[in-house]
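Encoded as structure tokens, the structure appears first; notes follow it.
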There are 2 protein chains.
Amino acid sequence: MSPRRRADARRNERTVLDAAAAVFVTSGVDAPVRAIAARAGVGMGTIYRHFPTRADLIIAVYRHQVDACAAAGPALLVSSSTPGAALAGWVDLFVDFLVTKHGLAAVLQADRGRFEALHGYFLARLVPVCAQLLDAAAAGGEVRADVGAYELLRGIGNLCVGIDHDARYDARRMVGLLMAGLLGSRPTSV
Amino acid sequence: MSPRRRADARRNERTVLDAAAAVFVTSGVDAPVRAIAARAGVGMGTIYRHFPTRADLIIAVYRHQVDACAAAGPALLVSSSTPGAALAGWVDLFVDFLVTKHGLAAVLQADRGRFEALHGYFLARLVPVCAQLLDAAAAGGEVRADVGAYELLRGIGNLCVGIDHDARYDARRMVGLLMAGLLGSRPTSV
DNA sequence: TTGTAAAACGGAACAGCGCTCCATATAATG
DNA sequence: CATTATATGGAGCGCTGTTCCGTTTTACAA
């Protein structure tokens, strides 16, 4: 077991991470690895050494934001008027996250070949949070009880794919429709 | 203008079409072109001669089914009890189509680079039909009036991507949620 | 300070893809 | 049957992701 890695290794990991973040913003999350390597001034071998699959790199870049989104769930639950409101607010956060990262939603699901790690990480972090909000809202009779957290997250993710260059499609509005459907046809009063 | 093409050309077009249909069923619509060529016993040049882009090939394979779906719209409008019911029935047809063609939904939207022809064809055929149903339903106050036909079709298409190998996600149920949301919170009675 | 082994690096190399291009083969025509 | 327009096949190009290994750099002990 190595208590400390070499200095150049740590330095390069940061360099690659920063370069990847920059490239992702301009070219989307499936930018060529060579582009990231060039931007970082580093060989491709170095990237693959630190991040065995592209999914690992994406995870590393967005880990903080995913964690923040996960942490916001419980917070919203206590600060909102109802569990349903908390769920709605949390979904808004999730959608904002997906919409602002070009191509992330498309890669979030997709083939289980590569991106397995990415898929797994998102699910591991967010499904429990979503389930908590969903259960609380369902317990209060605010939403349908026949939709699972995984299913809801994937549905929302799917609605957010390919949103670039198309003004006629508003992912947020579609998610709004989905959430409205989740409420069922129950009356708004008690 | 050529009144008749050479016999081998027409024969090969059919051969390629059949091979593509067969390969699409087993390997999805983004199977390697080389695989289709091999299956057809034909060189790749031949495929690209008849179908300049992969999108053209996909269109040719599914044209009949898309046309049938388009034709079903007006028919449902006259045979259904309400325009809203017609819309719901038509959406079911559309979803069935997307769900049974592996990878079609994923390719239906996506980058406007290639697949432009595919995107355009689907839209040209189906948006007017959907708009007609949508307008009729909106006129009767059955559905919200602030969602366009293009937007609805893309939303449904998006919900149908990546449905393979995942029992926890039911695209049909998600579309059902979206449609329920489209109904708004209006009462079911007059 | 210097020598040495382990760690990390860079990028050539390989495989798989879409697509083009043109020498060759084939069908229609007089 | 000869001629010519048409169609074919697949080598080849450029672009991907990913691996692999000779070279360079670091850390540490002497």
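What you see below is based on every heavy atom in this structure, not just the backbone, and it leaves out hydrogens, waters and symmetry mates.
- Not a single donor-acceptor pair under 3.5 Å links the side chain of A/Ser80 to the backbone N or O of A/Leu77.
- Among B/Val127, B/Ile59, B/Leu108, B/Leu153, the single residue meeting the side chain to side chain contact (heavy atoms under 4.5 Å, CB included) criterion with B/Phe122 is B/Leu108.
- Hydrophobic clustering of Ile, Leu, Val, Met, Phe, Trp and Tyr side chains at less than 4.5 Å, counting indirect connections, unites A/Leu123 with A/Leu133.
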Self-check item: Trace of the side-chain contact (heavy atoms from CB on, under 4.5 Å) decision for B/Phe97 with B/Leu104
Solution: CA-CA 9 Å; B/Phe97 175 64; B/Leu104 220 198; 3.8 Å; yes

Does A/Met179 form a side-chain contact (heavy atoms from CB on, under 4.5 Å) with A/Leu182? I'd like the steps, not just the answer. CA-CA 5 Å; A/Met179 293 303 290; A/Leu182 187 63; 4.1 Å; yes

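- Contacts between residues 44-63 of chain A and DNA chain C, defined by a heavy-atom separation under 4.0 Å, are made by A/Met44, A/Gly45, A/Thr46, A/Arg49, A/His50.
- Put simply, CZ on A/Arg154 and CZ on B/Arg168 are 9.0 Å apart, with the number rounded to the nearest 0.5 Å.
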* Please report the C-alpha distance between B/Val147 and A/Met174 in whole Å, then the side-chain angles of each, then the deciding distance to 0.1 Å, and finally whether the side-chain contact (heavy atoms from CB on, under 4.5 Å) criterion is met. => CA-CA 9 Å; B/Val147 175; A/Met174 287 297 105; 3.8 Å; yes

Kindly indicate, with the supporting measurements, whether the criterion salt bridge (charged side-chain N to carboxylate O under 4.0 Å, His left out) is fulfilled by B/Asp146 and A/Arg173.
-> CA-CA 10 Å; B/Asp146 64 340; A/Arg173 192 189 322 180; 5.2 Å; no

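- A close approach under 4.0 Å does occur between a side-chain nitrogen or oxygen of B/Asn12 and OP1 or OP2 of D/dT8.
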Expected string for nucleotides 23-30 of chain D under the B/S/- scheme (protein heavy atoms, under 4.0 Å, primed atoms plus P, OP1, OP2 as sugar-phosphate) is --BSS---

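- Of the residues in residues 28-42 of chain A, A/Ala31, A/Pro32, A/Val33, A/Arg34 come within less than 4.0 Å of DNA chain D through at least one heavy atom, sorted by number.
- Enclosure of atom CZ in A/Arg14 is not indicated, since only 12 or fewer non-hydrogen atoms of other residues, nucleotides or ligands lie within 6.0 angstrom.
- The shortest distance between side-chain heavy atoms of B/Asp56 and B/Leu118 does not fall below 4.5 Å.
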